[in-house]
Number of protein chains: 2
Amino acid sequence: MSGIKVFAPASVGNIGIGFDIMGAALERPGDEIIASKSNTPGVRITKITGAGGKLPYEAEQNTAGVAALRFLEHIGAEKQGIELEIHKKMPLGSGMGSSAASAAAAVYAVSEVLRTGMSKRELLPFAAAGERLVSGGIQLDNVAPSLLTFDVHRLHVPKGLFMAVVRPHLELLTREMRTRLSQEVSLASHIQQNANLAGFIIGLYNADIALIGRSLNDVIIEPQRAAFIPGFYDVKAAALDAGALGCSISGTGPAIFALCPNSLVAENAGISMKKVFEKQKIEADIYLSGINQEGAVIR
Amino acid sequence: MSGIKVFAPASVGNIGIGFDIMGAALERPGDEIIASKSNTPGVRITKITGAGGKLPYEAEQNTAGVAALRFLEHIGAEKQGIELEIHKKMPLGSGMGSSAASAAAAVYAVSEVLRTGMSKRELLPFAAAGERLVSGGIQLDNVAPSLLTFDVHRLHVPKGLFMAVVRPHLELLTREMRTRLSQEVSLASHIQQNANLAGFIIGLYNADIALIGRSLNDVIIEPQRAAFIPGFYDVKAAALDAGALGCSISGTGPAIFALCPNSLVAENAGISMKKVFEKQKIEADIYLSGINQEGAVIR
């Protein structure tokens, strides 16, 4: 049977000051998922490439599978047979939104193959359900209803902004990183972070590049996670020296992003950041990308 | 000698979700300050009206006086003689920014009478120094330098938004209210508040009235201060029932604001809120105003 192939991009989670509430999709890299109908009821993952054998084929244990399952339940199509091929094109557990991309691509592909006519926004809760499998903490049976109240906004992004993301070859798992966070924030830090978040959003709307840079300063999460990434502050200094507007940990790390005013600065920042890891004998990959305003697309 | 008269408006501090970082000036009421040069060095307060004898004439103890003194020191004019008349046109200790208005008006009037040519933005740190006298916590000699790093932005405000502010006749002093706040915030509340703040700002920029309403929900400060205002949650319910987008405590209270989509709703919300206080035998005043985008002005 004919399948639908969907590409879903990597993303920089949190963007430092927007812990758990803000992310930026990249133009590349991204995952590809192919969904096809099948005569065997349920979701079966038939192929996984690019994951180095690290992703499970059991649908309930796989973010793409869970996302597809929750979606089928929602539309009352539990008896529909679906086959998924997952082609990972980005590193796992890097903080670059690998699981979210697979989940988003899976739901979108399933929705399209079944011709539901649903918008990507409507599909979001099911993608999030898949992603939660990795980030943990909430029981899945509670996730779908609560996620339906999600409020999601596309922020205005000034033209030219470019991301350099450098991924050191260190493995940090999301769930573990998250459990290490203090569950309390000082009121003073809360106020400072709020001010920075507000400044960042205002900077985006006003295309005030200097303000974006001043505001991209995470006083709560970054200090707690920096120690898990060897040489983090040197990497950050290298990015800022190269002209980056700001630099922090992407998602739960270990990838580090540098938001840059243009692609040239991003290229230089990426190289400078990578060098800091190399000095410590840590391999690292550089990803350069504009900001993706479109998200998942059919290919 | 001829004086300069400046009007500075009342304001709604915090606006619920923007604790310590966001405020909205009203068109009325506001304070008037008249500054004149004098041949006697130093700042002298020669007249205070409308304060019911509650404001000190000693310049170092008066927010307008402190603001003027710090400003004169900054411009190296400590030996300049300045006389100030303070005409309070709003209640003290109400959470409506009375001290901030006097401080702002004083600095602006002094700057104009001395023809410094400085912008209102440049004057802000000195106004803030005066305001700190009331809010407490920081030694004054530390205030001026740290305030020079202030980042201040004028947010886009959709047309038509109107405030109803209801002030019950209860006295709550800023410093006392502030000391009662927990100095710790849970990470979950921090995230929720961040999301609401971000939604509120995005709502303002996109003129998305519904989003502004959904986002105006303070999960950190309001729950801690509500108990100090008898019947607060009934007042809030009355405002929302009347069509207000959101309702919370203005500044440190006891004044309560309701942000409304238009002046008619504001009028109804104001009356409904006042009635809740009256049922409890508490007198209350209603202030209705559009959002003031201009701030202090010479009159």
Side-chain angles (χ1 to χ4, degrees), chain A residues 13-23 135 137-138 146 149-158 178-208 210-221 224-225, chain B residues 13-23 135 137-138 146 149-158 178-208 210-221 224-225:
Chain A
N14 302 340
I15 317 186
I17 62 261
F19 180 65
D20 259 11
I21 67 163
M22 191 164 60
S135 62
I138 293 177
S146 72
T149 64
F150 252 140
D151 220 337
V152 179
H153 311 288
R154 182 172 302 188
L155 285 165
H156 176 263
V157 179
R178 188 166 287 256
T179 57
R180 286 181 163 136
L181 286 176
S182 165
Q183 295 302 301
E184 296 282 320
V185 170
S186 77
L187 182 61
S189 300
H190 167 67
I191 295 167
Q192 183 65 56
Q193 195 90 335
N194 266 6
N196 290 348
L197 174 64
F200 187 80
I201 296 172
I202 294 166
L204 289 178
Y205 273 96
N206 292 347
D208 182 338
L211 175 58
I212 291 170
R214 283 200 301 283
S215 304
L216 188 36
N217 179 25
D218 171 12
V219 300
I220 293 178
I221 307 298
Q224 298 183 62
R225 288 184 167 162
Chain B
N14 302 340
I15 318 187
I17 61 258
F19 181 65
D20 260 12
I21 68 163
M22 190 164 61
S135 63
I138 292 177
S146 71
T149 62
F150 252 126
D151 221 338
V152 179
H153 312 289
R154 182 173 302 189
L155 286 164
H156 175 263
V157 179
R178 187 166 288 256
T179 57
R180 286 182 164 134
L181 286 176
S182 164
Q183 294 303 300
E184 295 283 318
V185 171
S186 77
L187 182 62
S189 299
H190 167 68
I191 295 166
Q192 183 63 56
Q193 194 91 335
N194 266 6
N196 290 347
L197 175 64
F200 187 80
I201 296 173
I202 295 166
L204 288 178
Y205 273 97
N206 292 347
D208 183 337
L211 175 57
I212 291 171
R214 282 199 302 284
S215 303
L216 187 38
N217 181 24
D218 171 12
V219 299
I220 293 178
I221 307 298
Q224 298 185 61
R225 287 183 168 163

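Predicted, not measured: the structure shown is a model, and the values here were computed from it. Convention: sequence-line order gives letters A, B, ...; per-chain numbering from 1. As a basis for the values below, the full set of heavy atoms in this structure was taken, side chains included, without hydrogen atoms, waters or symmetry mates.
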* For the student: nearest non-hydrogen atoms of B/Ile15 and B/Gly23, plus distance ->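 Shortest heavy-atom contact: CD1-C, 3.7 Å.
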Winner by heavy-atom pair count (cut-off under 4.5 Å) against chain A, out of [options]:
{"options": "B/Ser189, B/Gly18, B/Gly199, B/Ala198", "value": "B/Ala198"}
{"options": "B/Leu155, B/Val185, B/Leu197", "value": "B/Val185"}
{"options": "B/Asp208, B/Asn194, B/Ile221, B/Ile17", "value": "B/Asn194"}

Side-chain donor or acceptor of [X] paired with backbone N/O of [Y] under 3.5 Å:
{"X": "A/Gln183", "Y": "A/Leu181", "answer": "yes"}
{"X": "A/Ser215", "Y": "A/Leu211", "answer": "yes"}
{"X": "B/Asn196", "Y": "B/Leu216", "answer": "no"}
{"X": "A/Asp20", "Y": "B/Ile191", "answer": "no"}
{"X": "A/Gln224", "Y": "A/Ser182", "answer": "yes"}

Side chain / backbone / both / neither for [X] at chain B, heavy atoms under 4.5 Å:
{"X": "A/His153", "answer": "side chain"}
{"X": "A/Ile202", "answer": "both"}
{"X": "A/Asn206", "answer": "side chain"}
{"X": "A/Ile220", "answer": "side chain"}
{"X": "A/Leu187", "answer": "both"}

* Pairs of heavy atoms under 4.5 Å with chain B: top-ranked of A/Glu184, A/His156, A/Met22 -> A/Glu184
* Asked: With only heavy atoms counted, which part of B/Leu204 is less than 4.5 Å from chain A, the side chain, the backbone, both or neither?
  ->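 Contact with chain A involves no heavy atom of B/Leu204 at all.
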* To do: Please work out whether the ring planes of A/Tyr205 and B/Tyr205 are parallel, tilted or perpendicular, with thresholds of 30° and 60°.
  =>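 Plane angle under 30°, so parallel.
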